[in-house]
Amino acid sequence: MQLTRRHIYQLLTTCMAGGWLWLVYWHYNINTPAAENGILRCPFMRITSYPCPSCGSTHAVLHLLKLEWKAAIMANPFGYIIALAMLGVPLIMAFDAFTRRETLYRLYCKAEIVMKQRKTAVVLIFVTIINWAWNLYKYSL
Amino acid sequence: MDVQKADMYIATNGKCFDGFMIPQIHEMLLQADDSKFLQLQGADLKDPTTMLIISFFGGSLGIDRFMLGDTGTGLGKLLTCGGLGIWALVDLFLIMGRTREVNFNKFKKTLYM
């Protein structure tokens, strides 16, 4: 399946809808044992018993929604990227819908080109590994 | 390119492309220069079965998508742990088709470079 402009908008819409539903669910169920041990947990952790690089990002985004900046970083710094995307993408999508432009699609394509460049890719991989190592350290405590 | 070289290329790399594209690829090879044969051998085609295995083990980290050059979707999978496993599961069904598509694009790029 070639990722055309339509596919990218559909994919991002699905991600945003799923992401916000996920956040709403966790906002009302964050301290319930059923939610903590239920089926909706990190699949990587369920299989390997170790956290993935983005474990804790849901808590981080929930902290950010309450403007708890430090708690969000301690949960997972990737939460900042996710929160930025979850606020920015729907806004840009609405802008595109009203003005009939392709701003989001162009941003997506540009981001892909930038991320594929060797220097950027190396930095991003390094940051991901560091964050994963920190996650593993926090989990071991 | 002569028929023998074209047939040899398809026999070696046919599994990397969609079945219905093989006649078109064969035709494109016949119309190409002989010099392209060596260049095509150097083209980095990904084995769809290997990609399926990578998707199975590393799909929740987006490794399969990163290897195909889909950095946007790869990053999305990494940040969401394979879309809570759902996206990783869907990609198990999509990754082989996407690999063949990427291979065909690489083939065209090498042929018409």
Side-chain angles (χ1 to χ4, degrees), chain A residues 1-3 7-8 11-12 14-16 18-19 21-22 25-26 39-48 51-58 60-61 76-86 89 105 107-117 120-121 124-125 127-129 131-132 135, chain B residues 16-21 24-25 44 46 48 51-109:
Chain A
M1 180 187 80
Q2 184 80 14
L3 276 181
H7 286 130
I8 285 169
L11 183 68
L12 287 172
T14 312
C15 286
M16 290 300 117
L21 279 171
W22 175 254
Y25 170 81
W26 275 102
I39 201 167
L40 291 177
R41 293 295 282 153
C42 175
F44 189 89
M45 190 184 259
R46 283 188 155 268
I47 293 166
T48 65
C52 70
S54 46
C55 270
S57 50
T58 306
V61 175
N76 194 322
F78 280 4
Y80 276 79
I81 303 169
I82 295 167
L84 197 68
M86 289 190 71
V89 168
Y105 176 64
L107 270 173
Y108 182 92
C109 292
K110 204 170 177 183
E112 274 214 316
I113 292 166
V114 167
M115 282 193 289
K116 275 186 200 175
Q117 289 169 3
T120 323
L124 291 176
I125 290 168
V127 164
T128 305
I129 290 170
N131 190 43
W132 197 359
N135 259 2
Chain B
C16 296
F17 304 104
D18 276 319
F20 65 88
M21 298 301 294
Q24 185 182 345
I25 291 168
D44 178 27
K46 300 274 190 302
M51 289 309 302
L52 180 65
I53 294 167
I54 289 169
S55 187
F56 184 80
F57 288 108
S60 59
L61 299 178
I63 294 171
D64 52 347
R65 288 286 174 171
F66 283 126
M67 284 183 72
L68 292 178
D70 292 337
T71 41
T73 42
L75 186 69
K77 285 178 82 174
L78 177 66
L79 289 177
T80 59
C81 195
L84 314 169
I86 298 166
W87 195 347
L89 187 63
V90 167
D91 259 1
L92 280 181
F93 295 95
L94 299 180
I95 201 72
M96 288 178 88
R98 180 67 186 139
T99 307
R100 291 186 179 108
E101 206 177 304
V102 165
N103 284 339
F104 183 62
N105 291 338
K106 270 189 206 162
F107 169 79
K108 275 195 299 186
K109 197 174 166 186

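All heavy atoms count here, side chains included; hydrogens, waters and symmetry mates do not. Quick note on labels: first sequence line is chain A, next is B, and so on, each numbered from 1.
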Visitor: Out of A:Ile81, A:Ile113, A:Ile82, which one racks up the most heavy-atom pairs below 4.5 Å with chain B?
Guide: A:Ile82
Visitor: Let me know which of B:Asp91, B:Asp70, B:Thr73 forms a side chain to side chain donor-acceptor pair (under 3.5 Å) with B:Arg98.
Guide: B:Asp70
Visitor: Name the region of B:Ile86, side chain, backbone, both or neither, that has any atom closer than 4.5 Å to a heavy atom of chain A.
Guide: neither
Visitor: Looking at chain A, which one of B:Ser60, B:Cys81, B:Gly69 has the largest number of heavy-atom pairs inside 4.5 Å, strictly under?
Guide: B:Cys81
Visitor: Which label fits B:Phe107 and B:Phe104: parallel for a plane angle under 30°, tilted from 30 to 60°, or perpendicular past 60°?
Guide: parallel
Visitor: So do A:Thr128 and A:Phe78 actually touch side chain to side chain, heavy atoms under 4.5 Å?
Guide: yes
Visitor: Compare all side-chain heavy atoms of B:Trp87 with those of A:Leu11 and state whether any distance is below 4.5 angstrom.
Guide: yes
Visitor: Using non-hydrogen atoms only, which part of B:Leu61 is less than 4.5 Å away from chain A: side chain, backbone, both, or neither?
Guide: side chain
